[in-house]
Amino acid sequence: MSVILTRDTPFEATVPLLVVGGGACGLTAALAARDEGVEVVVLERDPLPQGSTSMSLGALCASGSTEQKRHGVDDGEERFFQDVMAKTHGTADPLLARVVGAESGPALDWLAERHGVELVLETGWKPAFGHSVMRMHVTPGRTGADLMERLVAACERAGADILTDAHVTALYADGERVTGVRLQRPDGSTEDIGCDALVLASCGFGGNHQMVAENIPSMAHARYFGWEGNQGDAILWGKALGAGLGDMDAYQGLGLLADPQGIDVNPRLLIEGGVQVNQRGERFGHELEDVSGAGARVIAQPGGVAWVIYDDRIHQNCKELPQYKVLSGLGGIRSAPDIEGLAAQAGIDPAGLARTMAEVAGFVASGEQDGFGRAFPSPALASPFYAARVTGALFHTQGGLLVDENAQVRRADGGLLPNLYAGGGAARSIGGPGPSGYLPGAGLCMAVTLGRLAGRAAGRAVKG
């Protein structure tokens, strides 16, 4: 069946605004539309709104927020823009980078002040991985699941309807104008619903193995640690309507997926001074330079695994993080009073690990950068030592539909599709091509920022 259908008869039911996807982007779009006084229905394919947001650490980068100001962090549109362009070597969409730099902080303030979705500055995330200042924000629960619970509750308070078990399989259109959707229920029955505008918020295509192989062949055989519902439907619908696509080879990789537990390990272990080694006990890159590209680097190591090595100081600083607590409970953390004992427990070459740790201690003492360009913070790692075994994976894709400053979908020739909007993983992000331009927290930042812009613009459009 074609992904774009036509219809000669009126729809039995029509809603001013439909949102496809009940993750952070879709729910934020719904809240923004409700602020405009527009009736909105979110269509979620699964029994509960969860998706990639629920699997994430729940961290959002944002610039110019009230929380940053409260902590004395000097940040704003220009600084964010410069960080994005530096990290991507000038390959990111400059318009989108400026829009996100200007709108991300206000979006978080709006969620907190208007809709009771509390987001605080995560001061444990020191500037790293391309961020020049602290700009990571989290909910008090510090998980993606906690963020989703708060967004769902906010939608209920705002009167935004969420229809679950509603798998959108095709769009209806009259030329370039979307007129409605077809959705399928778990029993196989279908329903058609009309709309005046549509927001695509169904994330990327990480769960579509064919699309991954075509667009990101280097990760075609990598482990996928994302929501299986991310099938790229929104991108395919937009393309069929004439939308332009950008950075389709971009993705967020993970080099910190606990193996075999399948838990996303918080990068704070590295930010605080930890290192990553392979089975030979050797480091293989700058741990704080390319958090996304680290996924491919870890996969390339012997056995496709690595270990994060850190000490009791870092353990104490991170032990209350939700994911760390779960990993500890599952036996995913090894510890020993000395390097030799830790190497024996982890199955790492003891001589190689001892040599690496001595080299790192030397760099801490001298204050010099290592061969990868990393400078280590004081104090040096000291006994007892800890290790967490990790592997690499594909988390979610970052390429997608081209959008303008209002998150309205752009045609390949630069024009606009009349009533179609997109955000989150359905839209092109700000990381440029490939994995290495990804900034931590950018996935949820794009979801919330573009979600608000899309919901607001679509709401105003349907009101006339």
Using only heavy-atom distances, determine whether the side chains of Asn278 and Trp307 contain a donor-acceptor pair under 3.5 Å.
no

Is Arg389 paired with Asp259 through a side-chain N to carboxylate O contact shorter than 4.0 Å?
yes

Heavy-atom closest pair (Gly253 atom, Ser292 atom, distance to 0.1 Å) is N-OG, 2.8 Å

Taking all non-hydrogen atoms of both residues into account, name the closest pair between Pro377 and Gly273 and its distance.
CG-CA, 3.9 Å

Gln345 side chain vs Ser335 backbone, donor-acceptor pair below 3.5 Å
yes

Using side chain to side chain contact (heavy atoms under 4.5 Å, CB included) as the criterion, point out the one residue from Val448, Thr449, Leu450 that pairs with Ser104.
Thr449

For the residue pair Leu401 and Ala422, what are the closest heavy atoms and their distance?
CD1-CB, 4.0 Å

Can Arg313 and Glu272 be said to form a side chain to side chain contact (heavy atoms under 4.5 Å, CB included), step by step?
CA-CA 9 Å; Arg313 171 183 62 84; Glu272 295 284 345; 3.7 Å; yes

Carefully, step by step, assess Gln68 and Asp75 under the rule side chain to side chain donor-acceptor pair (under 3.5 Å).
CA-CA 7 Å; Gln68 286 178 302; Asp75 197 14; 2.9 Å; yes

Taken to the nearest 0.5 Å, the spacing of Ser429 OG from Leu96 CG works out to 7.0 Å

Is a side-chain N or O of Thr397 found less than 3.5 angstrom from the main chain of Phe205, in a donor-acceptor match?
yes

Would you say the ring centers of Tyr324 and His315 fall short of 6.0 Å from each other?
yes

Hey, does the side chain of Asp290 reach the backbone of Ala294 with a donor-acceptor pair shorter than 3.5 angstrom?
no

With distance as the sole criterion, is a donor-acceptor pair present between the side chains of Gln398 and Tyr251 under 3.5 Å?
no

Taking the side chain as C-beta and beyond, is there a heavy-atom pair between Leu27 and His115 under 4.5 Å?
no

Would you say the side-chain atoms of His71 pair up with the backbone N or O of Val73, donor to acceptor, closer than 3.5 Å?
no

Residues Thr143 and Thr139: closest non-hydrogen pair is O-OG1, 4.0 Å

Could you grab the distance from atom CE of Met134 to atom CD of Glu67, nearest 0.5 Å is fine?
10.5 Å

Suppose the criterion is side-chain hydrogen bond (donor to acceptor under 3.5 Å, both in side chains): which pairs have a residue in residues 379-388, not counting sequence neighbours?
Asp312-Tyr386

On a heavy-atom basis, which atom in Glu77 and which in Ala102 lie closest, and how many Å separate them?
OE1-CB, 3.5 Å

Return yes if some donor-acceptor pair links the side-chain N/O of Thr53 with the main-chain N/O of Gly144 below 3.5 Å, else return no.
no

When you check the side-chain N and O atoms of Ser65 and Asp109, is any donor under 3.5 Å from an acceptor?
no

Euclidean distance, Arg334 CZ relative to Ile309 CD1, rounded to 0.5 Å:
11.0 Å

Side-chain donor/acceptor of Asp311 to backbone N/O of Pro384, under 3.5 Å:
no

Between the CD1 atom in Ile263 and the CG atom in Leu327, the distance rounded to the nearest 0.5 Å is 5.0 Å

Working note: Lys87 + Asp83, criterion salt bridge (Lys or Arg N to Asp or Glu O under 4.0 Å); need CA distance, chi angles, decisive distance, verdict.
CA-CA 6 Å; Lys87 190 72 169 67; Asp83 283 354; over 6 Å; no

Using modelled atom types only, decide if a donor and an acceptor are shared between the side chain of Asn208 and the backbone of Gln231 within a distance under 3.5 Å.
yes

Taking all non-hydrogen atoms of both residues into account, name the closest pair between Ala426 and Ala234 and its distance.
CB-CB, 3.8 Å

Would you confirm whether Asp93, through its side chain, and Leu95, through its main-chain N or O, come within 3.5 Å as a donor-acceptor pair?
yes

Euclidean distance, Glu287 CD relative to Phe372 CZ, rounded to 0.5 Å
7.5 Å

Residues Gln184 and His167: side-chain donor-acceptor under 3.5 angstrom
no

Under a plain distance cut-off of 3.5 Å, with no hydrogens placed, do Arg79 and Ser132 share a side-chain donor-acceptor pair?
yes

Is it true that Glu405 and Arg98 have a side-chain N and a carboxylate O under 4.0 angstrom from each other?
no

Please lay out, stage by stage, how Lys239 and Leu245 fare under the test side chain to side chain contact (heavy atoms under 4.5 Å, CB included).
CA-CA 7 Å; Lys239 182 180 179 181; Leu245 305 179; 4.0 Å; yes

Between atom CD1 of Ile430 and atom CG of Leu439, what is the distance when rounded to the nearest 0.5 Å?
6.0 Å

Atom pairs and distances, side-chain donor-acceptor, residues 117-129, under 3.5 Å, sequence neighbours left out:
residue : atom : partner : partner atom : Å
Glu122  : OE1  : Gly124  : N            : 3.2
Glu122  : OE2  : Arg142  : NE           : 2.9
Lys126  : NZ   : Thr123  : O            : 3.3

Does the side chain of Ser52 come under 3.5 Å of the side chain of Asn230 through a donor N or O and an acceptor N or O?
yes

Measure from the side-chain N and O atoms of Arg374 to the backbone N and O of Gln369, and report whether any donor-acceptor pair falls under 3.5 Å.
no

